[in-house]
Protein chains: 2
Amino acid sequence: MTPQSDGGARTTPARRPTIKDIARRAGVSESAVSFALNGRPGVSQGTRDRIHRVAEDLGWQPNSAARALSGERSGCVGLVLARPAHTLGVESFFLQLVSGVQEVLASRKVALLFQVVEDIEAECAVYKRWWAEKRVDGVLVVDPRSEDPRPELLDSLGLPSVMIGAPAEGGRQVSTVWADDSAAMASVLAHLHELGHRHVVHVAGLPGLAHTERRITSLRTEAHRLGLTAIRSVPTDYSDAEGAEATRRVLDEAVPPTAIVYDNDVMAVAGVAVAAERGIKVPGELSIVAWDDSALCRVTHPRLTALVRDTSGFGRLAAEELLAQLDGGPVRSLQAELPHLEPRESTGPPAP
Amino acid sequence: MTPQSDGGARTTPARRPTIKDIARRAGVSESAVSFALNGRPGVSQGTRDRIHRVAEDLGWQPNSAARALSGERSGCVGLVLARPAHTLGVESFFLQLVSGVQEVLASRKVALLFQVVEDIEAECAVYKRWWAEKRVDGVLVVDPRSEDPRPELLDSLGLPSVMIGAPAEGGRQVSTVWADDSAAMASVLAHLHELGHRHVVHVAGLPGLAHTERRITSLRTEAHRLGLTAIRSVPTDYSDAEGAEATRRVLDEAVPPTAIVYDNDVMAVAGVAVAAERGIKVPGELSIVAWDDSALCRVTHPRLTALVRDTSGFGRLAAEELLAQLDGGPVRSLQAELPHLEPRESTGPPAP
DNA sequence: CGACGGTACTAATGCGGTTTAGCTCATGTC
DNA sequence: GACATGAGCTAAACCGCATTAGTACCGTCG
């Protein structure tokens with residue numbers, strides 16, 4: 001830590017123009033300006049144009065605090081990510097989601113308040129604070145759980161919100177946007193079944209998460225339907241470490257699986273590494289499928305067969321839905337496009 | 001898209017308590033409440049305590065808009081990430097940085113406004129808008145460039161800011177927080193030199209970025225000092241695709257390098273994959289070093305020797321510095337802890 | 001020709017805080 | 001006992017915008 005320059009006086013920058021400045025320059029009252037700039041009736045077309053010109057000239061933008069204070073809208077939506085610090089930052093899902101969200105929000109001049117916390121309790125605390133401070137108009141909620149306290153909390157606060165990734169839950173006034181994990185899992189299993197696999201392991205993500213549960217259930221149902229018995233899910237925390245560990249465990253079993261489905265890209269890559277370390281050929285002796293595509297799936301050797309979904313499109317959908325709700329739209333449950341399987345080099349027929 | 005429930009009337013939630021409510025309940029004026037809650041003089045200890053108790057009871061939190069409007073502080077800082085959508089989301093650096101930033105901000109109840117945009121022009125536009133809307137009190141700026149328009153812009157707006165990753169630049173009233181890439185690069189080259197490598201290629205990141213330039217310069221200087229001539233940098237855009245492509249190119253040369261240093265983890269992993277695809281043994285025939293450690297470096301086989309830095313600590317430092325500046329502190333240039341090399345399995349002596 | 005209705009605008013108020021100015025009363029001072 | 005002092009509190013202005021309640025003016029119609 002080396003202080004280097006102590007910085008002198010900062011020159012005072014241009015003062016922000018206000019409605020008053022516009023009013024003076026245009027020779028009208030402040031209210032006229034407000035009407036004109038907000039497209040309200042009560043000003044002639046002539047003055048309206050003049051006001052717009054002056055505002056443009058001055059580079060005026062509404063002061064967000066003032067607007068929030070009078071208009072009852074802060075122009076912000078919130079997004080909290082509850083993840084223990086060490087699991088942060090490898091998965092591609094999240095930033096892509098956010099980039100989709102932003103596209104929509106930015107076009108409507110809505111800002112995104114973002115916060116990373118350790119766990120779900122802290123997450124709830126953030127919602128309460130944001131609500132009390134009137135910081136956000138609504139929130140996007142990720143990582144829905146099977147026993148989730150958040151819909152109830154958000155409902156009681158009356159904070160408009162969209163749950164990303166969960167189907168509708170009974171009774172709560174919370175919109176949801178979700179992908180059909182069940183169908184997707186079925187398509188993955190069908191692909192492997194067609195190739196001839198009869199013994200598949202699903203290295204799942206966190207058990208508490210709703211979509212994990214859906215995938216596990218779907219796997220079981222489909223396996224049953226296909227008459228397969230040697231099929232099961234093992235839980236992890238989504239980390240590379242547990243992904244690798246789970247892989248080692250199942251490969252050590254008396255009858256190891258011929259295919260493994262991983263619940264995210266990071267674990268799938270870890271699985272490839274474990275196979276490499278043991279000299280197990282992929283896909284010759286072991287087929288691997290990654291849930292969620294990303295650059296990762298393309299940098300491994302062999303490149304990974306992956307379940308591709310339009311993550312940023314998912315984010316866009318969620319953001320649209322939240323904005324619609326803020327505009328007084330109904331609470332709904334929307335389903336995103338079905339993920340599709342992109343076969344690459346990591347899946348093939350099992351060894352005879 | 002399947003609308004499912006149309007949501008009925010939302011029950012009106014509890015009204016947010018205001019200072020007025022506290023004043024009434026405590027039997028004092030609103031100003032007294034404001035003084036008490038902000039630790040200003042002008043109220044006796046007795047009333048002060050009483051007011052605090054009432055505020056606590058009511059669960060009062062200051063309305064952020066109101067406070068921003070009168071207090072000249074929005075309680076928000078901004079962070080813009082300018083990346084083309086397709087390069088988003090693999091690198092671990094960013095989310096870790098943010099998690100460090102948040103730790104500090106949250107403890108001071110400052111919110112983080114986050115925005116993803118396509119390029120640096122859009123980024124500048126966001127700063128201008130945030131300034132005009134008075135949305136943020138300051139900003140954190142990432143990915144500094146060698147010819148960077150942002151310090152000048154931020155300076156002219158008078159928006160307090162901290163550049164993350166660049167050493168101080170002449171004249172601008174912008175703080176900086178940076179790591180000594182030059183020394184780090186020197187340590188990497190020393191490691192490889194000790195192992196016996198004489199022909200090293202540096203697969204660099206985007207040429208425009210300041211730290212890329214520093215690493216390239218340092219590599220050249222150090223190579224010269226060590227009397228090595230077969231050493232050079234090749235530029236990429238940080239993506240897995242270009243990392244792989246660059247690797248193929250240099251391995252195709254008449255005299256291929258015996259070691260490659262990659263400017264991020266993703267490209268290093270891509271490099272490993274290219275080696276695997278060609279049957280080149282790592283580290284037997286090719287040593288690989290990754291700049292920045294992450295789960296990725298541990299899931300490859302072999303695990304990657306990496307340059308470790310405390311990214312979230314870096315974020316903390318930057319956030320601290322920005323807050324200090326908002327509190328009237330001087331503009332400074334701070335240096336973060338020196339990254340250190342973590343030798344793993346991907347580096348070894350070159351083939352004889 | 002005066003009441004009427006509509007248009008184009010202004011004045012005034014409020015949002016929830018912060019801050020300045022002022023007011024009251026007890027105390028100390030000479 | 002008159003007067004300055006300061007502690008403890010209140011009233012009022014203000015931040016920048018949205019909104020509601022007027023007001024002035026004009027044309028129209030009975």
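Chain letters run A, B, ... following the sequence lines, proteins first and then strands; every chain starts at 1. For clarity, every value in this text was computed on a predicted model and none was experimentally measured.
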Rounded to whole Å, please give me the gap between [atom1] in [X] and [atom2] in [N].
X: B:Arg73; N: D:dC15; atom1: CZ; atom2: C1'; result: 16 Å
X: B:Phe35; N: D:dT10; atom1: CZ; atom2: C1'; result: 9 Å
X: B:Asn38; N: C:dG17; atom1: CG; atom2: C1'; result: 9 Å
X: A:Leu37; N: D:dC17; atom1: CG; atom2: C1'; result: 11 Å
X: B:Asp49; N: D:dC9; atom1: CG; atom2: C1'; result: 16 Å

Consider the side chain of B:Ala32, meaning its heavy atoms from C-beta on, and name the nucleotide among D:dT10, C:dA8, D:dA18 that approaches it most closely. D:dT10
OP1 or OP2 of [N] versus the side-chain N and O atoms of [X]: is any pair under 4.0 Å?
X: B:Arg40; N: C:dT18; answer: no
X: A:Ser29; N: C:dC9; answer: no
X: B:Arg67; N: C:dG16; answer: no
X: A:Trp60; N: D:dG16; answer: no

Donor-acceptor pair, side chain of [X] and main chain of [Y], under 3.5 angstrom:
X: A:Asp148; Y: A:Arg145; value: yes
X: A:Asp155; Y: A:Pro151; value: no
X: B:Arg50; Y: B:Ala26; value: yes

Please step through salt bridge (Lys or Arg N to Asp or Glu O under 4.0 Å) for the pair B:Asp21 and B:Arg16, ending with a clear verdict. CA-CA 10 Å; B:Asp21 300 317; B:Arg16 242 170 289 267; over 6 Å; no
Check this for me: does the side-chain of A:Ser70 come within 3.5 Å of the base of C:dC15 through a donor and an acceptor? no
Is a donor-acceptor pair below 3.5 Å formed from side chain A:Ser31 to base C:dA11, judging by atom type as modelled? yes
Judged by nearest nucleotide, the residue sitting upstream toward the 5' end of DNA chain D, B:Val28 or A:Asn63, is B:Val28
Quick one: on DNA chain D, does A:Ala65 or B:Gly42 contact a more 5' nucleotide (nearest heavy atom)? B:Gly42
